[in-house]
Amino acid sequence: MALHLYDTRHREKVPFKTIHPGKVSMYVCGVTVYDRCHLGHARCYIAFDVIYRWLKQSGYDVTYVQNFTDIDDKIIIRAQTEQRDWREIVDENIEAYYNDMDRLNIQRANHYPRCTDYVEHMIGIIDVLIDKGHAYVASDGVYFHVDSAPEKYGQLTGQSIEAVRSGASGRVEDQSGKKDHKDFALWKAAKPGEPTWDSPWGPGRPGWHIECTAMSLDHFLNEFDIHGGGHDLRFPHHEAEIFQGECYTDHSPVVHHWMHNGFVNIDGEKMSKSLGNFWTIDEILAKVDPLVLRFALINSHYRSPIDMNESLLKDAERNYAKLLDVYETMVKQLGQGEPVNLPHPDTASAQPLSKGLGMLELMGEHFAKAMDDDFNTREAIAKVLTALREMSKILDAGLEESDAHAFAHYCVEWLEETAGTVLGLLPEREEVLRIKIDPRREAIAKKVEHLLEKRAEARASKDYATADAIRDELASLNVIVTDTADGPVWELR
RNA sequence: GCACGGAUGUCAGAGUGGCUAUGAGCGGGACUGCAGAUCCUGAGACCGGAGUUCGAAUCUCCGUCCGUGCUCCA
């Protein structure tokens with residue numbers, strides 16, 4: 001099945017068609033860098049990271065652009081209250097952004113334009129819009145005149161122009177120079193103490209919506225394949241972009257596919273700064289492993305809301321541990337040299353290994369099918385988990401040594417492609433082995449081994465009181481002992 | 001109020017017009033001195049009503065409830 005994605009504009013899943021064969025141009029609205037990122041940002045950028053990864057995996061040559069909004073009311077206010085240069089705040093938060101994203105194993109976009117580098121472009125676009133009669137100069141800036149292109153209204157949210165007209169009539173009390181309350185600012189005239197740029201309409205700074213239009217069109221000329229962002233950006237931000245972009249370029253559509261991710265909720269309510277119920281990425285990563293968080297966030301479809309809570313994280317922790325555990329086991333079993341041949345994968349075979357391989361192959365196909373179906377990561381993870389079970393099952397049954405190596409090769413490859421490359425959930429192969437030589441573990445290994453020996457002796461002589469006492473002692477060292485068929489194993493808690 | 005999206009077992013959550021996943025939890029079994037891990041296995045759901053259909057959780061309509069947007073927001 002070919003890739004389908006949900007297009008906000010069409011309100012349904014549509015076949016994905018690119019403007020240029022084999023190439024994808026993708027723009028995602030980035031953050032306004034007045035503060036640190038929170039969980040909601042993590043969700044958004046992980047979602048588009050997975051989309052980016054899957055497009056590449058599907059053979060597309062993807063150009064991914066994500067901006068930084070580095071000038072805005074909030075940044076100015078922040079600078080004023082903190083008595084600092086706004087540029088300092090911006091740089092600091094951009095650095096923190098990269099840091100957060102790296103920790104979540106989010107691949108870098110190809111370009112990260114900053115608004116302030118595009119002010120010239122914005123002025124150029126505004127100029128054209130004025131010439132074409134879509135914008136007008138007022139006392140306090142330049143506005144886009146929505147009624148100059150009414151047919152473009154409500155493309156993403158389905159709201160009628162009349163409804164908004166009446167809906168807002170009660171609270172249009174701003175003293176701006178707008179002719180109509182639906183109009184939005186393209187250029188804001190300077191106020192005292194604010195950073196400003198020169199323009200034909202006097203000193204000032206760009207409006208929020210024009211920024212994304214300028215940056216996306218600068219990278220992609222007149223049209224591009226995917227425009228993404230949070231659900232809340234549909235209106236007015238993205239609808240404003242449709243007005244600006246299409247009126248400026250005379251192309252329709254400029255954006256071929258609109259994609260919006262769902263929100264992170266806390267106790268059923270949207271996480272937001274005004275409600276005070278947000279967690280920054282930094283805060284949550286102090287408590288949760290970054291890849292576990294990543295797992296938790298892609299363990300649901302990118303468009304559905306996620307209600308973040310303890311049990312969700314616990315669930316993710318368990319499943320993720322299982323994934324790592326099987327992966328680690330397989331990596332350790334790789335052995336030396338080339339793998340020998342495995343039996344032919346065949347779900348109908350009576351031979352367990354052959355049948356198991358058939359199951360894994362099938363899960364791989366289902367995985368791809370899930371991803372092709374509007375990037376259904378939830379379903380894709382279900383396939384990975386089923387595959388993990390299958391792998392453990394085959395391992396449990398016992399394999400000849402050469403089969404075990406070959407099987408491990410197969411499994412490692414399978415996992416690295418699905419859970420690794422596509423979902424971004426696996427650490428580096430070396431990293432997995434390095435966990436074994438954790439310095440904390442090294443430090444107490446001798447002592448633990450010694451105690452385990454004594455415990456083994458006690459158990460052999462059925463002195464279970466002593467055995468349990470030793471286990472308690474180990475527990476006080478934060479060592480968890482688990483008896484398996486191959487003897488006890490231990491790990492640090 | 002208008003717009004958009006939801007409602008699936010105890011919970012979280014996918015889903016194809018006929019058979020339903022996945023994980024946790026719960027029940028049984030194997031292995032265990034015990035615990036845990038692992039494997040096998042069981043029970044358990046499709047908001048209400050009407051319609052289309054041989055057949056609806058899936059399509060249509062009505063209702064109820066929930067979330068989000070209509071203002072800066074990922």
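In the text below, chain A, chain B and the rest are named by the order of the sequence lines, each starting its count at 1.
In this structure, F278(A) and H38(A) have tilted ring planes: the angle between them lies in the 30° to 60° band. The aromatic rings of F144(A) and F243(A) are tilted relative to each other, their planes meeting at an angle between 30° and 60°.
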* Evaluation steps, ring-ring contact (aromatic ring centres under 6.0 Å, His included), between Y27(A) and Y64(A) -> CA-CA 6 Å; Y27(A) 182 94; Y64(A) 177 13; 9.0 Å; no
* Asked: What do the steps show when you test V326(A) against C411(A) for side-chain contact (heavy atoms from CB on, under 4.5 Å), and what is the final call?
  -> CA-CA 9 Å; V326(A) 173; C411(A) 292; over 6 Å; no
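With sequence neighbours excluded, the residues forming a salt bridge (charged side-chain N to carboxylate O under 4.0 Å, His left out) with K13(A) are D373(A), listed by chain and number.
Taking the side chain of E379(A) as heavy atoms from C-beta on, and the options G5(B), A21(B), G25(B), the nearest nucleotide is A21(B). Nearest to the side-chain atoms of V264(A) among the listed nucleotides A37(B), A74(B), U22(B) stands A74(B).
Among pairs with a residue in residues 34-54 of chain A, those fulfilling salt bridge (charged side-chain N to carboxylate O under 4.0 Å, His left out) read D35(A)-R78(A), D35(A)-K273(A), R36(A)-E92(A), D49(A)-R53(A), D49(A)-R294(A), at least two apart in sequence or across chains.
Residue order along RNA chain B, read from the 5' end via each residue's closest nucleotide, puts N319(A) first among I480(A) and N319(A). If D72(A) and N299(A) are placed on RNA chain B by their nearest nucleotide, the residue sitting closer to the 5' end is N299(A).
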N/O contacts under 3.5 Å, protein versus nucleotides 39-44 of chain B?
{"unit_1": "C39(B)", "atom_1": "O4'", "unit_2": "D396(A)", "atom_2": "OD2", "d": "3.3"}
{"unit_1": "C40(B)", "atom_1": "OP1", "unit_2": "K393(A)", "atom_2": "NZ", "d": "3.3"}

What does the list of N/O pairs under 3.5 Å between the protein and nucleotides 9-12 of chain B look like, with a distance for each?
{"unit_1": "A12(B)", "atom_1": "N3", "unit_2": "R378(A)", "atom_2": "NH2", "d": "3.3"}

Between the protein and nucleotides 31-34 of chain B, list every N/O to N/O distance that falls short of 3.5 Å.
{"unit_1": "G33(B)", "atom_1": "O4'", "unit_2": "Y464(A)", "atom_2": "OH", "d": "3.4"}
{"unit_1": "G33(B)", "atom_1": "O6", "unit_2": "R459(A)", "atom_2": "NE", "d": "3.3"}
{"unit_1": "G33(B)", "atom_1": "N1", "unit_2": "D468(A)", "atom_2": "OD1", "d": "3.0"}
{"unit_1": "G33(B)", "atom_1": "N2", "unit_2": "D468(A)", "atom_2": "OD1", "d": "3.4"}
{"unit_1": "G33(B)", "atom_1": "N2", "unit_2": "D468(A)", "atom_2": "OD2", "d": "2.6"}
{"unit_1": "C34(B)", "atom_1": "O2", "unit_2": "R471(A)", "atom_2": "NH2", "d": "2.7"}
{"unit_1": "C34(B)", "atom_1": "N3", "unit_2": "R471(A)", "atom_2": "NH1", "d": "3.1"}
{"unit_1": "C34(B)", "atom_1": "N3", "unit_2": "R471(A)", "atom_2": "NH2", "d": "3.3"}
{"unit_1": "C34(B)", "atom_1": "N4", "unit_2": "D483(A)", "atom_2": "OD2", "d": "2.8"}

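The phosphate of G67(B) (OP1 or OP2) has no side-chain N or O of S304(A) nearer than 4.0 angstrom.
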Between side-chain atoms of residues 474-482 of chain A and protein atoms elsewhere (two or more places apart, or another chain), which donor-acceptor pairs fall under 3.5 Å?
{"unit_1": "S476(A)", "atom_1": "OG", "unit_2": "E473(A)", "atom_2": "O", "d": "2.5"}

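At a threshold of 4.0 Å, the pair R205(A)-E194(A) counts as salt-bridged, since one of the basic side-chain nitrogens sits closer than that to a carboxylate oxygen. D372(A) has no carboxylate O lying under 4.0 Å from a charged side-chain N of K369(A), or vice versa, which leaves the two without a salt bridge.
Residues Y118(A) and T213(A) have side chains not in contact (no heavy-atom distance under 4.5 Å, counting atoms from C-beta outward).
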